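A quick write-up on the structure given underneath.
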Amino acid sequence: MQYTVDDNGYYGTFGGAYIPEMLYPNVEELRQQYLAIMEESSFQKEFNMLLKDYVGRPTPLYLAQRLSEEIGCKIYLKREDLNHTGAHKINNTIGQILLAQKLGKKKIIAETGAGQHGVATATVCALKGVECVVYMGEIDIRRQKPNVERMKLLGAQVIPALSGSKTLKDATNEAMRHWINNPVDTHYIIGSVVGPHPYPDMVARFQSVISEEIRWQLQEKEGRTQPDYVVACVGGGSNAAGAYYHYMDDEQVKLVAVEAGGEGVDSGKSAATTFLGKPGILHGSKTLLMQTPDGQVVEPYSISAGLDYPGIGPLHAHLFEKKRADFIHITDEEAMKAGVGLGKLEGIIPAIESAHALAALRKMKLAADDIVVVNLSGRGDKDLETYIKWGNY
Ligand SMILES: *Cc1c(COP(=O)(O)O)cnc(C)c1O
């Protein structure tokens, strides 16, 4: 188990819990209880029931015939885009709302950038009748109006973060402040494999249902549980962690992590963290992040809001350092082309995040008998305006 978290909350040299002292009781309570709760049969039963009947799992593992012909090997798409709310994020928010209830928490807070995690959180809070407060940067609120209205329709309160650059990192700070002030009754739902231990491990476990399904689905279709490659995009890294999870210790399966190159890694407008980043502390954990020489976080850029994050989760920093996963960066242009291409080839319009993973297929050296699984993390409905602006279809 070389790639899972150790007893101290580290992945190699990355991870840990670098938090203000005031947050220690909350994080410690979670650390002491998360594994035991997740193993309870009543938890498992309800989690699996909701994944099946509410989220719509298992998601299909689809052999994309026309895409396979074009790329020149066998390509399967793991259809996380077919989940309720349109992406993989709900796997995690379902898990965390059940965990919060077991911990006796009455209120949920979350931060959101583009609003996707906010919507997934507001959804499960409505499902369980729990009060939900989502912090969002004031600028993001203006940029992501439909998701703001979705959260409100679902009964959540959206609070603007007015400090700093008024984007995701400021929303995170506000959420942390709220948690410090309301430690007893509130659970903080983090949306990716980031944050202080135990969040990265907990979120990876909730998302691991993705690779659990790939294993048996591939066995049914190909008579083997292992593909040659698993390809996924990495923002914070939760869909990738879920798609890799049951293959991490099986070195025969090659892992490909796709980051957002933005307008190019040398353009100053990029989110390719492993290429541009250095070790540092971000959102409570030691990881790789984009920073100035004196340690200020650099504003990332990508055409896809979900990949527009200045770091990666500590698990991925470790996979990168140990060379267990191959990290590729894809530009806005390459991603948009791949997204438009999938629509025409397969009748599936992917999220622009997922389009980065698809674009990576053209950069890999693939053999005709290779079996490749691409995690299609989400659907493109939310990105329609970006596709329209881009044109070229
Ligand atoms: C949020 C999001 C991502 C990026 O988040 P990860 O934690 O890296 O998975 C990728 N794809 C979609 C569709 C998303 O909504």
Side-chain angles (χ1 to χ4, degrees), residues 59 77-93 96 110-121 123 140 144 146-147 150 168 189-195 199-200 202-211 230-245 255-260 271-274 282-283 285 287-288 300 302-317 319-320 325 327 329-330 335 338-339 342 348-360 374-384 386:
T59 58
L77 302 178
K78 181 58 174 162
R79 299 290 311 274
E80 292 302 295
D81 60 314
L82 295 178
N83 284 327
H84 179 45
T85 68
H88 66 289
K89 285 195 173 71
I90 190 127
N91 303 326
N92 168 49
T93 56
Q96 286 202 49
E111 87 294 335
T112 198
Q116 294 301 111
H117 173 55
V119 170
T121 302
T123 299
D140 289 335
Q144 310 287 342
N147 275 342
R150 272 185 197 110
L168 179 61
I189 298 190
I190 292 182
S192 188
V193 286
V194 301
Y199 278 99
M202 179 172 71
V203 176
R205 284 170 186 264
F206 287 139
Q207 293 292 359
S208 72
V209 64
I210 298 172
S211 50
V230 180
V231 184
C233 64
V234 175
S238 67
N239 87 87
Y244 300 163
Y245 198 85
L255 309 177
V256 179
V258 187
E259 293 188 293
T273 303
T274 57
L282 181 67
H283 298 154
S285 75
T287 190
L288 290 171
S302 163
I303 194 166
S304 79
L307 303 184
D308 193 354
Y309 183 71
I312 49 172
L315 161 64
H316 295 289
L319 293 175
F320 174 72
F327 281 73
H329 41 82
I330 289 294
L342 192 72
I348 299 168
I349 301 170
I352 297 171
E353 291 85 356
S354 321
H356 284 73
L358 293 163
V374 179
N375 198 36
L376 207 72
S377 56
R379 59 179 171 243
D381 304 34
K382 70 181 177 61
D383 295 320
L384 195 59
T386 311

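Order of appearance sets the numbers: ligands from 1, and atoms from 1 within every ligand. Bear in mind the structure is a predicted one, so any value in this text is a computation, not a measurement.
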Check your understanding: Between L319 and Y244, is any pair of side-chain heavy atoms under 4.5 Å apart?
Key -> yes
Practice item. Please tell me if the side chains of F320 and E259 come closer than 4.5 Å, counting only heavy atoms from C-beta onward. Key: no
Point to revise | salt bridge (Lys or Arg N to Asp or Glu O under 4.0 Å) against R79, all qualifying residues, sequence neighbours excluded | key: D81
Point to revise | Sequence-distant partners of E353, salt bridge (Lys or Arg N to Asp or Glu O under 4.0 Å), two or more places apart | key: K382
Atom indices of ligand 1 within 4.0 angstrom of [X] heavy atoms, with elements:
X: C233; value: 10 (C)
X: G235; value: 8 (O)
X: A351; value: 13 (C)
X: G378; value: 13 (C)
X: S192; value: 6 (P), 7 (O)

So, [X] side chain and [Y] main chain: donor-acceptor pair closer than 3.5 Å or not?
X: T59; Y: L82; result: no
X: N92; Y: I190; result: yes
X: H117; Y: G113; result: no

Protein contact to [atom] [nearest heavy atom, distance to 0.1 Å]:
atom: atom 6 (P) of ligand 1; value: S238 N, 3.3 Å
atom: atom 12 (C) of ligand 1; value: S377 OG, 3.5 Å
atom: atom 1 (C) of ligand 1; value: K89 NZ, 1.4 Å
atom: atom 4 (C) of ligand 1; value: G306 O, 3.3 Å

Review point. Within less than 4.0 angstrom of ligand 1, does H88 place any heavy atom?
Key: yes
**Study point:** Distance, nearest 0.5 Å, that separates CG of L376 from CG of L342
**Key:** 6.5 Å
Exercise for review: Would you check the N or O atoms of G237, main chain and side chain alike, for any that come under 3.5 Å of an N or O of ligand 1?
Suggested key: yes
